[in-house]
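Side chains are part of it too, since the values below use all heavy atoms of this structure and drop only hydrogens, waters and symmetry mates. Residue numbers begin at 1 in each chain, while the letters A, B, ... track the order of the sequences.
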2 protein chains.
Amino acid sequence: MAKSGTSSRVVARDSSRSAGTRRQLVEAAIETLKADGFTGASARAIAERAGVNQGLIFYHFGSVADLLLAALDSVSAQRMEQYGEAVDGVGSPSELVDVAMAIFREDLDAGHVTVLVEMIAGASSTPGLGPEVSARLGPWFAFAERAMERTVGGSPLGSVLPVRDVAYGIVALYLGLEMLTHLNGDRTRALGLFDDAKNLAGLLDALGSSPPTGEP
Amino acid sequence: MAKSGTSSRVVARDSSRSAGTRRQLVEAAIETLKADGFTGASARAIAERAGVNQGLIFYHFGSVADLLLAALDSVSAQRMEQYGEAVDGVGSPSELVDVAMAIFREDLDAGHVTVLVEMIAGASSTPGLGPEVSARLGPWFAFAERAMERTVGGSPLGSVLPVRDVAYGIVALYLGLEMLTHLNGDRTRALGLFDDAKNLAGLLDALGSSPPTGEP
DNA sequence: GTCTATACTTGGATAGAC
DNA sequence: GTCTATCCAAGTATAGAC
């Protein structure tokens with residue numbers, strides 16, 4: 001289930017023919033997961049979208065599941081990069097909610113998190129897939145924790161809130177909102193929650209800037 | 001995609017042969033969704049679990065998707081009944097969190113919510129399934145709202161909190177936590193959040209019993 | 001090393017038996 | 001009305017061509 005180098009050397013930006021085909025397949029796998037979900041992401045469907053012979057999936061990736069994991073890796077890496085950039089300029093809780101809402105809107109429109117959701121839900125049907133998907137969620141938890149630490153870590157709130165637990169909950173909420181939004185096609189319910197969160201964050205801003213309990 | 005009565009009269013507790021087969025199939029569909037997910041819930045897999053010929057699914061339900069919807073109906077009805085009973089005796093926020101945690105633990109262990117998650121995630125791969133699943137989520141949102149109204153509706157908190165929005169978020173969170181827990185097999189992370197919620201609810205209890213703002 | 005044609009398996013659905 | 005045997009499409013995977 002792990003990636004196997006086809007050549008003697010694993011190169012990130014390879015311009016060989018193999019690398020081109022692989023990229024096409026990964027891209028097509030992502031799009032197919034977004035459009036038709038895990039069940040619809042068959043070798044035939046993905047290969048057709050990539051404009052490539054179906055057998056190439058097994059040559060380059062060994063199995064459909066491994067191609068889908070490569071797709072998940074790709075989406076995950078892209079998203080983590082953008083999330084990191086977005087959060088870099090953030091200081092206060094309400095600023096964090098602002099950028100989170102912008103990112104969430106983009107995630108919804110582009111369907112990035114759908115890939116995650118489909119892989120998580122689909123994992124139960126393919127033996128051995130669960131642990132692989134689970135491992136790839138690590139960065140998402142780590143990021144959520146980092147974002148919270150950055151904004152409320154220094155304030156008195158940080159020592160009260162169980163940051164790790166809350167970060168876990170935030171990721172779960174994010175996945176759940178994505179699922180529901182994708183299902184009924186209505187973004188407004190989910191986005192409304194971000195507005196509520198922003199009101200709440202406004203209160204936390206004040207709390208963070210004027211610490212009521214002095215630290216020695 | 002809607003249910004079609006096989007007889008002239010739709011009866012809830014029918015003891016005919018047809019009804020027996022239907023019940024077996026619905027039960028098997030639920031178990032298959034729990035064990036193998038949406039992708040694994042094929043006509044053959046379900047029929048084998050039910051100990052029944054595969055063709056019966058199409059005779060009794062018309063399609064696999066319609067059988068899965070019947071399974072979702074069954075799980076949803078069961079759960080709503082139990083949720084309702086559990087919440088009936090609840091008054092304060094912290095009591096609500098208590099019963100919610102007990103229910104959540106049971107849901108995790110029995111896999112009830114997995115059925116929901118798999119159907120939501122699987123909906124994108126079967127044309128026309130989305131709206132059907134979406135409609136079946138209505139009772140879940142309604143219940144979450146009702147539970148919140150019951151506990152914080154009378155208190156000053158009720159007029160401040162956007163109950164409808166929060167209820168939507170609670171359902172999303174519930175689905176997300178179920179997904180993550182099912183994926184990594186570790187209940188403790190999710191259950192920890194309930195502990196945190198209980199601490200928070202303790203504060204709300206006091207707020208609710210002593211209203212600072214008087215209502216005319 | 002890369003890819004295509006082909007083999008075989010599983011899945012959805014129905015025609016027709018009882 | 002209820003169910004089974006059978007059909008055809010779609011799925012994964014590989015043997016062998018280039």
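- Judged by distance alone, the side chains of Tyr59(B) and Asn53(B) never bring a donor and an acceptor atom under 3.5 Å apart.
- Here Leu180(A) contributes atom CG and Leu175(A) contributes atom CG; the two are 11.0 Å apart, rounded to the nearest 0.5 Å.
- Under 3.5 Å, the side chains of Thr181(B) and Arg187(B) contain no donor-acceptor pair of N or O atoms.
- Put simply, CG on Leu25(A) is 13 Å from C1' on dT2(C), counting in whole angstrom units.
- Dashed line: the shortest gap from a side-chain N or O of Arg22(A) to OP1 or OP2 of dT2(C) is not under 4.0 Å.
- Going from atom CG of Asp73(A) over to atom CD of Glu132(A) covers 9.0 Å, rounded to the nearest 0.5 Å.
- We find that CZ of Phe61(A) is positioned 14 Å from C1' of dT2(C), with the value rounded to whole Å.
- Under 4.0 angstrom from either OP1 or OP2 of dG1(C) there lies no side-chain N or O belonging to Ser16(A).
- Atom-to-atom, NE2 of His60(B) to C1' of dT2(D) comes out at 7 Å; the value is rounded to the nearest Å.
- No donor-acceptor pair under 3.5 Å is formed between the side chain of Thr126(A) and the backbone N or O of Leu129(A).
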Interface polar pairs with nucleotides 11-15 of chain C, N/O, under 3.5 angstrom:
from    : atom 1 : to       : atom 2 : distance (Å)
dG11(C) : OP1    : Ser42(B) : OG     : 3.3
dG11(C) : N7     : Arg44(B) : NH1    : 2.7
dG12(C) : OP2    : Ala43(B) : N      : 2.7
dG12(C) : O6     : Arg44(B) : NH1    : 3.0
dA13(C) : N7     : Gln54(B) : OE1    : 3.0
dA13(C) : N6     : Gln54(B) : OE1    : 3.1
dA13(C) : N6     : Gln54(B) : NE2    : 2.6

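- In the model, Gln82(B) has a side-chain atom that pairs as donor or acceptor with a side-chain atom of Glu106(B) under 3.5 Å.
- In this structure, the CG atom of Leu67(A) is 15 Å from the C1' atom of dG11(D), given to the nearest Å.
- Regarding Asp36(A), its CG atom lies at a distance of 10 Å from the P atom of dG11(D), rounded to whole Å.
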